[in-house]
Amino acid sequence: MPFIYTLLALLLVVILVVIVRTFLFSRDARQDPLPFSSELPDLQPDLLVPARHLSAAIQIPTISHADPAEDRPELFDALHNLLQESYPLLHGRLSREVLPGGSLLYTWPGSKPELEPVLFMAHQDVVPADEHTLAKWTYPPFSGAIEDGFVWGRGSMDIKCQLIAVMEAVENLLAQGFQPCRTIILAFSHDEEVLGMGARVIVTQLKEQGIRLAAVIDEGTSILDGVLPGFKGYTAPIAVTEKGYLSLKLTAEASGGHSSTPAPETSIGILSRAIDRLQSNPFPYRVQAVLPLFKALSPTASTVMKMAFANLWLFSGLVRRQLSASTETAASIHTTTAPTIFHSGIKDNVLPSLAEAVVNFRILPGETVAEVIDRVRTVITDERVTLTPLPNNAWEPSPVSPSDGPAFHHITSVVRELYPTATCAPNAMLGATDSRHYHAISDRVYRFTPIVSRKEDIERIHGINERLSLENLSLMVKFFHRLIQRWSCGQM
Ligand SMILES: [Zn+2]
């Protein structure tokens with residue numbers, strides 16, 4: 001009998017702890033706006049003006065290539081000319097520098113040169129449209145069609161929209177007579193899509209000039225409509241870090257020879273087993289990685305979800321199972337393993353002496369390139385398989401920028417002004433962006449693209465029928481019109 005009482009008492013304590021922790025979990029998650037009074041009237045941009053500018057930019061297919069020799073510099077020149085024609089005030093007032101390859105760097109001097117500048121980024125290049133999918137596009141990928149309330153084409157979402165929105169905002173601010181306090185820098189690289197050198201060259205140059213930046217914003221996560229299940233309203237994750245990157249070449253050698261007398265193990269067999277071991281032993285899932293995201297979103301979360309995240313000491317297994325069930329959420333809680341290249345063999349009756357594969361890893365913040373290589377070696381446990389990182393193709397996860405300071409809260413304040421039902425939260429970017437280079441000259445690097453996206457919209461990026469609604473583009477211009485003022489003249 002007393003045993004049952006003890007058990008009941010224990011159960012009661014557990015339930016109480018769960019309830020109290022659930023209650024306390026969202027207590028600190030209130031998102032009060034950071035005060036800022038602008039002297040300018042709110043911007044009411046014409047829907048069509050930025051749309052026409054974006055459309056014209058899309059019609060110039062500034063595709064970047066892994067081999068820069070394949071790039072067409074005349075297209076980047078054409079885009080630069082278009083920007084000059086479209087934004088005369090900007091080009092009259094800001095100094096402009098064209099860097100080798102075609103990256104653009106603009107400087108708008110502030111009235112307080114003693115303050116660190118702020119920097120707004122985007123990239124000019126786009127990915128090609130897959131030739132096999134051309135028939136499936138409603139409007140051709142480089143048509144820039146303005147139809148059905150959308151601007152259609154490559155770059156409309158990734159990321160000529162951000163380039164145009166930033167320029168549109170600056171042009172409007174100049175027309176309104178705005179004078180920045182901190183210097184404003186605009187940086188638009190030309191080869192982000194091929195993990196190129198453009199952003200690195202810009203950062204090197206700024207560093208050599210002794211410039212440190214108060215804050216940086218680049219393309220990134222967007223405002224999600226129904227993408228994350230279990231939350232009410234829009235959710236606006238703002239990426240404060242991004243995953244690291246490593247591509248490892250795996251090589252297996254074995255004796256070749258005639259296929260009529262094969263050895264028990266061939267190079268293909270050895271390498272296949274190594275890849276299989278890697279895929280069967282995924283990197284550990286770390287639910288804690290998304291705790292800041294879920295904590296900030298908790299005021300709009302379902303009770304069950306709130307209870308689970310507030311009590312990871314009890315429910316971490318359950319949460320891990322839930323998150324690891326889908327590829328997107330799984331990628332946010334562990335280092336991913338993706339075999340992307342596999343080569344071997346030349347003829348059907350010849351045993352290949354060599355098999356090669358490349359496996360791409362996206363490294364969770366908190367882990368390192370060296371740890372990933374060590375673990376891969378341990379998991380494979382086969383000395384016949386050699387590991388070689390692809391040259392110039394590995395980097396650590398980015399440092400985490402603060403989500404409790406003014407730079408971050410200016411972003412969340414503008415989001416809430418323009419999208420009152422949105423809840424903002426810090427998170428990690430799963431893909432790689434140019435912004436990773438900027439940690440060398442700033443402690444506050446954010447990745448955010450202020451457009452509302454549904455799941456089907458996200459699939460259009462690098463896919464078929466990429467498009468952006470005129471309304472989204474207009475709100476994007478308003479976002480940068482407000483953020484530029486806040487970051488330049490507000491408390492930082
Ligand atoms: Zn992009």
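Count residues from 1 along the sequence.
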Check your understanding: Can the ring centres of Phe448 and Phe479 be said to be less than 6.0 Å apart?
Key -> yes
Practice item. Please lay out, stage by stage, how Leu213 and Glu116 fare under the test side chain to side chain contact (heavy atoms under 4.5 Å, CB included). Key: CA-CA 5 Å; Leu213 301 166; Glu116 291 176 343; 5.9 Å; no
Exercise for review: Would you indicate whether Asp67, at its atom CG, is surrounded by more than 12 heavy atoms from other residues, nucleotides or ligands within a distance under 6.0 Å?
Suggested key: yes
Revision key, fill the gap. Nearest heavy-atom contact between Ile363 and Thr335 is CA-OG1, 3.6 Å
Review point. So which heavy atom on Ser435 is nearest to which on Asp218, and how close?
Key: N-OD2, 3.2 Å
Exercise for review: Indicate yes or no for a side-chain donor-acceptor contact from Glu219 to the backbone of Met121 under 3.5 Å, with no hydrogens or angles considered.
Suggested key: no
Review point. Would you call Glu114 and Lys112 a salt bridge, taking side-chain N to carboxylate O under 4.0 Å as the test?
Key: no
Practice item. Without swapping roles, check the side chain of Arg444 against the backbone of Ala214 for a donor-acceptor pair under 3.5 Å. Key: yes
Check your understanding: Looking at side-chain heavy atoms only, is the closest gap between Trp137 and Phe142 below 4.5 Å?
Key -> no
Point to revise | Leu94 side chain near Tyr87 side chain, heavy-atom distance below 4.5 Å | key: no
Practice item. Return yes if some donor-acceptor pair links the side-chain N/O of Thr329 with the main-chain N/O of Ser324 below 3.5 Å, else return no. Key: no
Revision key, fill the gap. Applying salt bridge (Lys or Arg N to Asp or Glu O under 4.0 Å) to Glu242 and not counting sequence neighbours gives Arg447
Review point. With side chains defined as the heavy atoms from C-beta onward, is the minimum distance between Thr337 and Asn281 less than 4.5 Å?
Key: no
Practice item. Could you go through the side-chain hydrogen bond (donor to acceptor under 3.5 Å, both in side chains) check for Asn360 and Thr340 one step at a time? Key: CA-CA 7 Å; Asn360 181 243; Thr340 49; over 6 Å; no
Practice item. Start with the C-alpha gap between Tyr438 and Tyr446, add the side-chain angles, then the distance that decides, and say whether ring-ring contact (aromatic ring centres under 6.0 Å, His included) holds. Key: CA-CA 10 Å; Tyr438 283 77; Tyr446 302 101; over 10 Å; no
Practice item. May I ask you to say whether Arg375 pairs ionically with Glu367, meaning some side-chain N is under 4.0 Å from a carboxylate O? Key: no
Review point. Has the side chain of Ser413 got a donor or acceptor atom that lies under 3.5 Å from a matching backbone atom of His409?
Key: yes
Practice item. Flag the pair Arg460 and Glu456 as a salt bridge only when some basic side-chain nitrogen lies within less than 4.0 angstrom of an acidic carboxylate oxygen. Key: yes
Revision key, fill the gap. For Met492 and Ala215 the tightest heavy-atom approach is CE-CB, 3.6 Å
Check your understanding: How about Pro397 and Leu364: do any of their side-chain heavy atoms sit closer than 4.5 Å?
Key -> no
Check your understanding: Got a second to check how far Glu328's CD is from Leu323's CG, nearest 0.5 Å?
Key -> 12.0 Å
Check your understanding: Are Phe361 and Val359 side-chain neighbours, meaning at least one heavy-atom pair lies under 4.5 Å?
Key -> yes
Practice item. Measure across Ile223 and Ala236 and return the closest heavy-atom pair with its distance rounded to 0.1 Å. Key: CG1-CB, 4.1 Å
Review point. Distance-only, no hydrogens or angles: does the Asn172 side chain make a donor-acceptor pair with backbone N or O of Ala169 under 3.5 Å?
Key: no
Check: residues 461-469 side-chain donor-acceptor pairs under 3.5 Å, at least two apart:
{"from": "His462", "atom 1": "NE2", "to": "Asp158", "atom 2": "OD2", "distance (Å)": "2.8"}
{"from": "His462", "atom 1": "NE2", "to": "Glu193", "atom 2": "OE1", "distance (Å)": "3.3"}
{"from": "His462", "atom 1": "NE2", "to": "Glu193", "atom 2": "OE2", "distance (Å)": "3.3"}
{"from": "Asn465", "atom 1": "OD1", "to": "Thr138", "atom 2": "N", "distance (Å)": "2.7"}
{"from": "Asn465", "atom 1": "OD1", "to": "Thr138", "atom 2": "OG1", "distance (Å)": "3.4"}
{"from": "Asn465", "atom 1": "ND2", "to": "Lys136", "atom 2": "O", "distance (Å)": "3.4"}
{"from": "Asn465", "atom 1": "ND2", "to": "Thr138", "atom 2": "OG1", "distance (Å)": "3.2"}
{"from": "Glu466", "atom 1": "OE1", "to": "Arg154", "atom 2": "NH1", "distance (Å)": "2.9"}
{"from": "Glu466", "atom 1": "OE1", "to": "Gly155", "atom 2": "N", "distance (Å)": "3.4"}
{"from": "Glu466", "atom 1": "OE2", "to": "Gly155", "atom 2": "N", "distance (Å)": "3.0"}
{"from": "Glu466", "atom 1": "OE2", "to": "Ser156", "atom 2": "N", "distance (Å)": "3.3"}
{"from": "Glu466", "atom 1": "OE2", "to": "Met157", "atom 2": "N", "distance (Å)": "2.9"}
{"from": "Glu466", "atom 1": "OE2", "to": "Asp158", "atom 2": "N", "distance (Å)": "2.9"}
{"from": "Ser469", "atom 1": "OG", "to": "Asn472", "atom 2": "N", "distance (Å)": "3.0"}

Exercise for review: For the residue pair Glu171 and His53, establish whether any side-chain heavy-atom pair is separated by less than 4.5 Å.
Suggested key: no
Review point. Are the side chains of Leu430 and Arg362 in touch, meaning some heavy atoms are under 4.5 Å apart?
Key: no
Check your understanding: Would you call Thr183 and Ile211 a side-chain contact if the rule is heavy atoms closer than 4.5 Å?
Key -> no
Please output the side-chain donor-acceptor pairs of residues 417-427 that fall under 3.5 Å, not counting sequence neighbours, one pair per line with the distance.
{"from": "Glu417", "atom 1": "OE1", "to": "Arg482", "atom 2": "NH1", "distance (Å)": "2.8"}
{"from": "Glu417", "atom 1": "OE2", "to": "Arg486", "atom 2": "NH2", "distance (Å)": "2.8"}

Review point. If every non-hydrogen atom of Asp443 is compared with every non-hydrogen atom of Ser401, which pair is closest and at what distance?
Key: O-OG, 3.4 Å
Point to revise | Shortest non-hydrogen contact between Ser64 and Asp125, atoms and distance | key: OG-OD2, 2.6 Å
Check your understanding: Should the pair Trp487 and Phe120 be assigned to parallel (<30°), tilted (30 to 60°) or perpendicular (>60°) ring geometry?
Key -> tilted
Review point. Taking the side chain from His410 and the backbone from Gln491, do they hold a donor-acceptor pair closer than 3.5 Å?
Key: yes
